[in-house]
Amino acid sequence: MHMVYSVAVAGASGYAGGEILRILADHPEIEIGAVTAHSNAGTPLGQHQPHIRGLADRILKHTTVENLSGHDIVVLALPHGASGEIAAQLPAETLVVDLGADHRLESAADWEEYYGSAHAGTWTYGMPELIIGVGDRQRSQLTQARRIAVPGCNVTAVTLGVQPGIATGLVSATDIVSVLAVGYSGAGKALKPHLLASEALGNAVPYAVGGTHRHIPEIGQNLKKAGAQHFSISFTPVLVPMSRGILATTTAQLAPGVAEPTDEQLHAIWSAAYADEPFMQVLPQGVWPTTAPTVGANTAHIQVGWDKKAKRVVTVCAIDNLVKGTAGAAVQSMNVALGLPEDLGLTIQGVAP
């Protein structure tokens, strides 16, 4: 029986809200219901998301439980700290997908340390490709889930890049170094001086340096699920003048007792890990990822190599932070929870150049 699910999107005027609306507008099993906002309530959606022509005349409603209720699915594209109270009032049978950080972490102590507020609780984690234990992936946990926490975009790039080495016992998770080039949409849509074009163009800006970035405990949570006993990372994101994309370069030492691998061996291990994953693309050996081919697509492009001088495994992962890093992962996880084909409404085709 063909069934169409109604979806409400809260935070529809922001980048993440706009991106999930763009994807859902072409999803064959979805009908878009209420679109809501906070300060932009009462204005047409097209004023904020002019590229979504089919919904341009929709008037943004206020983000209230009343406006979100009555839908099969509610997507929360809200700032951290704003989702928990609303979600707690929605019916248990409603599929609620949180694009924010409120429900990602399992440790309340980690949440309180990095976010400085009370923990709202832990939901089913929305990264189907995450390796959990031996022979299992996170998608098995997503089946029939009714509360889904979408991963952080930087977390996605680092986790997907390095987890095959962790899961196979090849690399150690106690001395990981990750440097990320991040597009400005990852900083959100709020008007701030350092986000102005006059400040950003021709400029690379590091942020949350020195172990302060809120995605760090989430990366550790993922890699421990993949098999890491202990975890330590030097994590440095850098805003670069592009609107979309993340290029995450992550290096790690070999686990104790592991012989030095060849590039061919590493490529075979990473390729085997993702052989059955439709959105994971380990590139041909010698071809390193760039961000442009992932724009608009729910894909992660990955390469791996061996640094003979530094004695470290090097992985590079490119994603579109708004698609595979946020809205695409949400729709992918939503599909799994609803029992739909996982790739429904999603594409692996980028829009480069």
Side-chain angles (χ1 to χ4, degrees), residues 8-21 35-41 48 62-65 68 74-90 95-127 145 147-159 180 182-192 194-195 207-222 233 235-237 239 246 319 321-330 333-334:
V9 176
S13 60
Y15 285 139
E19 191 67 5
I20 199 157
L21 282 172
V35 288
T36 78
H38 178 56
S39 59
N40 293 317
H48 311 280
H62 289 280
T63 299
T64 64
V65 173
L68 298 174
V74 173
V75 178
L76 301 174
L78 303 173
H80 77 264
S83 298
E85 183 179 354
I86 291 175
Q89 300 177 67
L90 293 171
L95 173 55
V96 185
V97 183
D98 188 2
L99 304 188
D102 288 24
H103 302 96
R104 297 169 184 164
L105 295 181
E106 296 177 357
S107 166
D110 282 345
W111 172 270
E112 290 167 7
E113 177 184 353
Y114 281 85
Y115 290 88
S117 61
H119 187 223
T122 305
W123 289 1
T124 306
Y125 195 63
M127 185 186 289
R147 296 291 187 270
I148 297 173
V150 178
C153 55
N154 295 316
V155 177
T156 297
V158 174
T159 299
L180 298 83
V182 182
Y184 268 80
S185 59
K189 207 171 186 179
L191 185 60
K192 300 176 182 178
H194 77 284
L195 303 181
Y207 65 100
V209 179
T212 62
H213 199 286
R214 290 164 167 168
H215 286 174
I216 289 174
E218 190 182 342
I219 297 170
Q221 178 176 288
N222 288 352
I233 190 171
F235 177 86
T236 308
L239 287 171
I246 296 175
I319 63 171
N321 58 293
L322 292 177
V323 187
K324 186 57 180 163
T326 307
S333 298
M334 178 198 78

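We're numbering straight along the sequence, starting at 1.
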Peer 1: Sequence neighbours left out, what passes side chain to side chain contact (heavy atoms under 4.5 Å, CB included) with T122? Give chain and number order.
Peer 2: E106, H119
Peer 1: In chain order, what residues pass the ring pair (Phe, Tyr, Trp, His ring centres under 6.0 Å) check against H213, with sequence neighbours excluded?
Peer 2: Y207, H215, F235
Peer 1: What pairs with D102 under side chain to side chain donor-acceptor pair (under 3.5 Å), at least two apart in sequence or on another chain?
Peer 2: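 In terms of side chain to side chain donor-acceptor pair (under 3.5 Å), with neighbours along the sequence ignored, D102 is linked to no residue.
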Peer 1: With sequence neighbours left out, write down each residue that passes side chain to side chain donor-acceptor pair (under 3.5 Å) with S117, or none if nothing qualifies.
Peer 2: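 Side chain to side chain donor-acceptor pair (under 3.5 Å) list for S117, sorted by chain: W111.
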Peer 1: Just one of H103, E218, R104, Q221 clears the side-chain hydrogen bond (donor to acceptor under 3.5 Å, both in side chains) bar with Y125, so which one?
Peer 2: E218
Peer 1: Just by modelled atom types, is the A16 backbone N or O under 3.5 Å from a matching donor or acceptor in the T326 side chain?
Peer 2: no
Peer 1: Run through V97, I20, D98, T156 and flag the one making a side-chain contact (heavy atoms from CB on, under 4.5 Å) with V150.
Peer 2: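 Exactly one pass, corresponding to V97.
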Peer 1: Using a 4.5 Å cut-off on heavy atoms from C-beta on, say whether the side chain of V96 contacts that of I148.
Peer 2: no
Peer 1: Counting N and O atoms only, with roles assigned by atom type, does the side chain of S83 sit under 3.5 Å from a partner on the main chain of P79, one being a donor and the other an acceptor?
Peer 2: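 Not a single qualifying donor-acceptor pair exists.
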Peer 1: Working note: V182 + N321, criterion side chain to side chain contact (heavy atoms under 4.5 Å, CB included); need CA distance, chi angles, decisive distance, verdict.
Peer 2: CA-CA 8 Å; V182 182; N321 58 293; 5.6 Å; no
Peer 1: Are N222 and V155 side-chain neighbours, meaning at least one heavy-atom pair lies under 4.5 Å?
Peer 2: yes
Peer 1: Going from CD1 on I216 to CG on N154, what distance comes out if it is rounded to the nearest 0.5 angstrom?
Peer 2: 10.0 Å
Peer 1: Could I get the full list of ring pair (Phe, Tyr, Trp, His ring centres under 6.0 Å) partners for Y114, not counting sequence neighbours?
Peer 2: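 Ring pair (Phe, Tyr, Trp, His ring centres under 6.0 Å) check on Y114 returns nothing, list empty.
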Peer 1: Stepwise, does the side chain to side chain contact (heavy atoms under 4.5 Å, CB included) test hold for L76 with L68?
Peer 2: CA-CA 10 Å; L76 301 174; L68 298 174; 4.1 Å; yes
Peer 1: Looking at every non-hydrogen atom in both residues, tell me the closest pair between A10 and T63 and how far apart they are.
Peer 2: CB-CG2, 3.9 Å
Peer 1: Of the non-hydrogen atoms in C153 and I319, which two are nearest, and what is the gap between them?
Peer 2: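 Reported closest heavy-atom pair: O-CD1, 3.5 Å.
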Peer 1: Give the minimum heavy-atom separation between I246 and A157, together with the two atoms involved.
Peer 2: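 Closest approach of I246 to A157, heavy atoms only: CG2-CB, 3.8 Å.
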Peer 1: List the residues meeting side chain to side chain contact (heavy atoms under 4.5 Å, CB included) with Q89, not counting sequence neighbours, and say none if there are none.
Peer 2: V65, E85
Peer 1: Under 3.5 Å, is there a donor-acceptor pair linking the side chains of D110 and Y115?
Peer 2: no
Peer 1: Does P151 reach the side chain of T159, with side-chain heavy atoms less than 4.5 Å apart?
Peer 2: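 A side-chain contact is absent here, since even the closest heavy-atom pair is not under 4.5 Å.
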Peer 1: Sequence neighbours left out, what passes side chain to side chain donor-acceptor pair (under 3.5 Å) with N40? Give chain and number order.
Peer 2: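 Partners of N40 by the side chain to side chain donor-acceptor pair (under 3.5 Å) criterion, ordered by chain and then number, come out as S13.
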Peer 1: Side-chain contact test, heavy atoms from C-beta onward, threshold under 4.5 Å: evaluate it for V74 versus L95 and give yes or no.
Peer 2: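 Counting from C-beta outward, V74 and L95 never come under 4.5 Å.
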Peer 1: Taking only residues two or more places apart in sequence, or in another chain, which ones meet S333 in a side chain to side chain donor-acceptor pair (under 3.5 Å)?
Peer 2: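 Partners of S333 under the side chain to side chain donor-acceptor pair (under 3.5 Å) test: none.
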Peer 1: Name all residues meeting the side chain to side chain contact (heavy atoms under 4.5 Å, CB included) criterion together with H62; count only those two or more places apart in sequence or in a different chain, and write none if there are none.
Peer 2: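 With sequence neighbours excluded, H62 shows a side chain to side chain contact (heavy atoms under 4.5 Å, CB included) to A41, T64, N67, given in chain and number order.
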Peer 1: Does E19 have any salt bridge (Lys or Arg N to Asp or Glu O under 4.0 Å) partners at least two apart in sequence or in another chain, and if so, which?
Peer 2: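 So E19 forms a salt bridge (Lys or Arg N to Asp or Glu O under 4.0 Å) with R22, R244.
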Peer 1: Could I get the full list of side chain to side chain contact (heavy atoms under 4.5 Å, CB included) partners for Y15, not counting sequence neighbours?
Peer 2: S185, K189, L322
